K.L.:
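Here it is: the structure, laid out below.
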Protein chains: 2
Amino acid sequence: MSTPEKKRIRVVIAEDQEMVLGALAALLEMEGDISVVAQARDGKQALEAVRTQRPDILITDIEMPEMTGLDAANAIKGDTTRVIVVTTFARPGYLRRAMEAGASGYLLKARPARELADAVRRVHRGLRVIDPELASEAWMEADPLTDRERQVLRLASDGASTEAVAKKLNLSAGTVRNYLSEAIDKLGANNRIEAARIARSKGWL
Amino acid sequence: MSTPEKKRIRVVIAEDQEMVLGALAALLEMEGDISVVAQARDGKQALEAVRTQRPDILITDIEMPEMTGLDAANAIKGDTTRVIVVTTFARPGYLRRAMEAGASGYLLKARPARELADAVRRVHRGLRVIDPELASEAWMEADPLTDRERQVLRLASDGASTEAVAKKLNLSAGTVRNYLSEAIDKLGANNRIEAARIARSKGWL
DNA sequence: GCCTGCGCATGACAACTGTCATGGGTCAAA
DNA sequence: TTTGACCCATGACAGTTGTCATGCGCAGGC
């Protein structure tokens with residue numbers, strides 16, 4: 001082979017679905033200028049891999065066990081390794097948090113496979129890559145919920161009764177009802193179920 | 001290359017996330033004995049591809065727009081094309097429905113990437129491939145819900161009030177409450193939210 | 001220092017939800 | 001043809017949920 005043998009872009013991939021992880025790695029390895037130096041199954045593994053491999057780029061999913069990709073991104077903020085978040089979800093809250101965590105890219109799994117390698121190259125060149133679907137301002141919509149409201153809503157949306165939520169958080173039942181009521185109001189919902197659905201769809205839960 | 005050039009196993013892949021679709025295709029194309037003859041983004045496209053390409057094997061995701069992978073499997077039941085369902089979810093209801101739809105394989109995306117090609121070969125040889133995690137009898141647990149109960153629960157779990165569900169289904173509010181009550185009882189839940197969560201986790205919703 | 005936002009609480013009322021008893025109808029299988 | 005499963009309905013009751021007014025304490029911004 002007469003490959004010019006320039007230094008390849010060194011990449012670590014984090015993704016909790018083994019099959020997808022392997023497939024994405026195979027995809028990137030096919031590119032002559034990219035090398036996958038480690039594969040991680042969760043956020044913690046991703047962190048370790050970044051610390052030991054010092055890759056140019058970390059490609060990470062968001063929803064993973066142990067530690068989310070967003071938390072991992074936060075942990076390596078300021079590092080020389082740049083982060084590209086690759087996720088299923090077009091949620092404003094996710095994008096916002098990714099940006100706050102210093103990510104250089106936010107790509108949806110709904111995009112064609114070839115865009116991944118492109119994104120790697122662009123980010124390596126110092127550019128930012130935001131999925132076009134998410135690029136508009138509207139997507140940066142701020143999360144209106146307070147921490148407590150979020151906590152309460154999360155538990156309630158798992159099916160816990162007001163009473164059960166109160167016990168778990170050491171609050172009075174009335175207080176829990178107040179928080180839920182506020183959350184429902186802020187989200188323009190009619191009940192806790194709708195509120196949870198809306199919050200989740202925006203990436204606020 | 002001195003490839004013996006035997007006939008390759010002809011495969012169609014259906015998966016709604018473009019990036020994953022492309023990556024899986026790349027993964028399989030790397031195998032010398034497998035050829036991806038078409039890529040589908042939803043169940044309808046999968047059906048068309050199977051009709052026109054007459055592949056040996058259809059690899060399909062379940063949750064897709066237009067038509068689920070399970071429905072697609074049902075539609076080509078009896079065909080010479082064998083079906084391997086590849087999904088994120090270890091839900092008994094999904095496995096059961098896949099089997100009833102005549103699928104030859106049920107594989108989780110949590111499995112290593114190399115198992116996909118293995119599964120393709122085994123199924124091509126006439127074998128069945130069921131993910132080990134799903135193989136036990138317990139997973140075949142039957143869905144206790146009636147059609148109406150399922151419908152009502154689904155709508156209610158989206159946040160619709162009893163009244164709203166009743167309107168949508170042209171039922172009286174009381175009837176809806178009865179169905180929900182039965183569903184909650186059958187699933188051992190304490191309220192509609194928990195009931196929906198349980199049903200969903202089993203693949204019954 | 002004063003205001004604002006947040007956390008937490010209570011009480012009261014109205015609305016919604018879950019349960020139960022009871023009864024009607026259809027349809028398929030035994 | 002009888003039984004059983006499913007569909008649909010009503011009414012009544014208790015329990016849960018959502019709303020609102022009101023209040024206290026605490027921290028950060030101005």
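Keep in mind that what you see is a predicted model, and the values were worked out from it rather than measured.
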K.L.:
Please write out each protein N/O paired with an N/O of nucleotides 23-25 of chain C under 3.5 Å, distance rounded to 0.1 Å.
P.N.:
none

K.L.:
Starting from P on D/dC6, measure out to CZ on B/Arg150 and report it in whole angstrom.
P.N.:
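Nearest whole value for this atom pair: 11 Å.
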K.L.:
Would you kindly give the CG-to-C1' distance between B/Leu145 and D/dC7, to the nearest whole Å?
P.N.:
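For the pair B/Leu145 CG and D/dC7 C1', the rounded distance is 15 Å.
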K.L.:
Looking only at side-chain N and O atoms, does A/Arg51 offer a donor or acceptor that is under 3.5 Å from a partner on A/Thr81?
P.N.:
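There is no such pair (donor and acceptor under 3.5 Å, judged by atom type) between the side chains of A/Thr81 and A/Arg51.
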K.L.:
In this structure, how many angstroms lie between the C1' atom of D/dT16 and the CD atom of B/Glu194, rounded?
P.N.:
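Answer to the nearest Å: 14 Å.
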K.L.:
Answer yes or no: does a side-chain N or O of A/Thr146 lie under 4.0 Å from OP1 or OP2 of C/dG7?
P.N.:
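Result: yes.
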K.L.:
So if I define the base as every atom that isn't primed, P, OP1 or OP2, how would nucleotides 17-22 of chain D read as a B/S/- string at a heavy-atom cutoff under 4.0 Å?
P.N.:
BBBB--
K.L.:
Rounded to the nearest Å, what distance is computed from the CG atom of residue A/Asn170 to the P atom of nucleotide C/dG7?
P.N.:
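Those two atoms, CG and P, are 16 Å apart.
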K.L.:
Answer with yes or no whether the side chains of A/Arg154 and A/Gln151 bring together a donor and an acceptor at under 3.5 Å.
P.N.:
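Distance-only check fails for A/Gln151 and A/Arg154.
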K.L.:
Has A/Glu115 got a side-chain atom pairing as donor or acceptor with A/Arg111's backbone, closer than 3.5 angstrom?
P.N.:
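Pair absent, no side-chain N/O of A/Glu115 close to backbone of A/Arg111.
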K.L.:
Which whole-number value in Å describes the distance from B/Lys167 NZ to C/dC16 P?
P.N.:
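Answer to the nearest Å: 10 Å.
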K.L.:
Please check if the number of heavy atoms outside B/Arg122 that lie under 6.0 Å from its CZ is greater than 12.
P.N.:
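At most 12 heavy atoms, drawn from other residues, nucleotides or ligands, come within 6.0 Å of this atom.
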K.L.:
If you find the nucleotide of DNA chain D closest to B/Lys186 and the one closest to B/Val176, which residue's nucleotide is nearer the 5' end?
P.N.:
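Going by which nucleotide is closer to the 5' end, it is B/Lys186.
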K.L.:
Counting heavy atoms not belonging to A/Arg41, are there more than 12 under 6.0 Å from its CZ?
P.N.:
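Yes, because the 6.0 Å sphere around CZ of A/Arg41 holds more than 12 heavy atoms from other groups.
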K.L.:
Whether the side chain of B/Asn191 engages the backbone of B/Ile193 through a donor-acceptor N/O pair (distance < 3.5 Å, no angle test) should be reported.
P.N.:
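Pair found, side chain donor or acceptor close to backbone of B/Ile193.
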K.L.:
Verify the neighbour count for atom NZ of B/Lys186: are there more than 12 heavy atoms of other residues, nucleotides or ligands below 6.0 Å?
P.N.:
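Enclosed: over 12 neighbouring heavy atoms sit under 6.0 Å from NZ of B/Lys186.
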K.L.:
Please check the phosphate of C/dC8 (OP1 and OP2 only) for any side-chain N or O of A/Ser172 closer than 4.0 Å.
P.N.:
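Result: no.
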K.L.:
Roughly how many Å is it from CZ in A/Arg148 to C1' in D/dC26, rounded to a whole number?
P.N.:
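Rounded to whole Å, this separation is 15 Å.
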K.L.:
With a cut-off of under 6.0 Å to the ring centre and 45° to the axis, is B/Arg97 in cation-pi contact with B/Tyr94?
P.N.:
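No, B/Arg97 does not sit over the ring of B/Tyr94.
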K.L.:
For the residue pair B/Thr162 / B/Arg192, report whether a side-chain donor-acceptor contact shorter than 3.5 Å exists.
P.N.:
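Checked: B/Arg192/B/Thr162 side chains pair up, N/O donor to acceptor below 3.5 Å.
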K.L.:
In whole Å, I'd like the distance from the CG atom of A/Leu169 to the P atom of C/dC6.
P.N.:
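Atom-to-atom, A/Leu169 to C/dC6, this comes out as 18 Å.
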K.L.:
With the side chain of A/Thr175 defined as its heavy atoms from C-beta on, choose the nearest nucleotide among D/dC7, D/dA9, C/dC8.
P.N.:
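Looking only at side-chain atoms, A/Thr175 lies closest to C/dC8.
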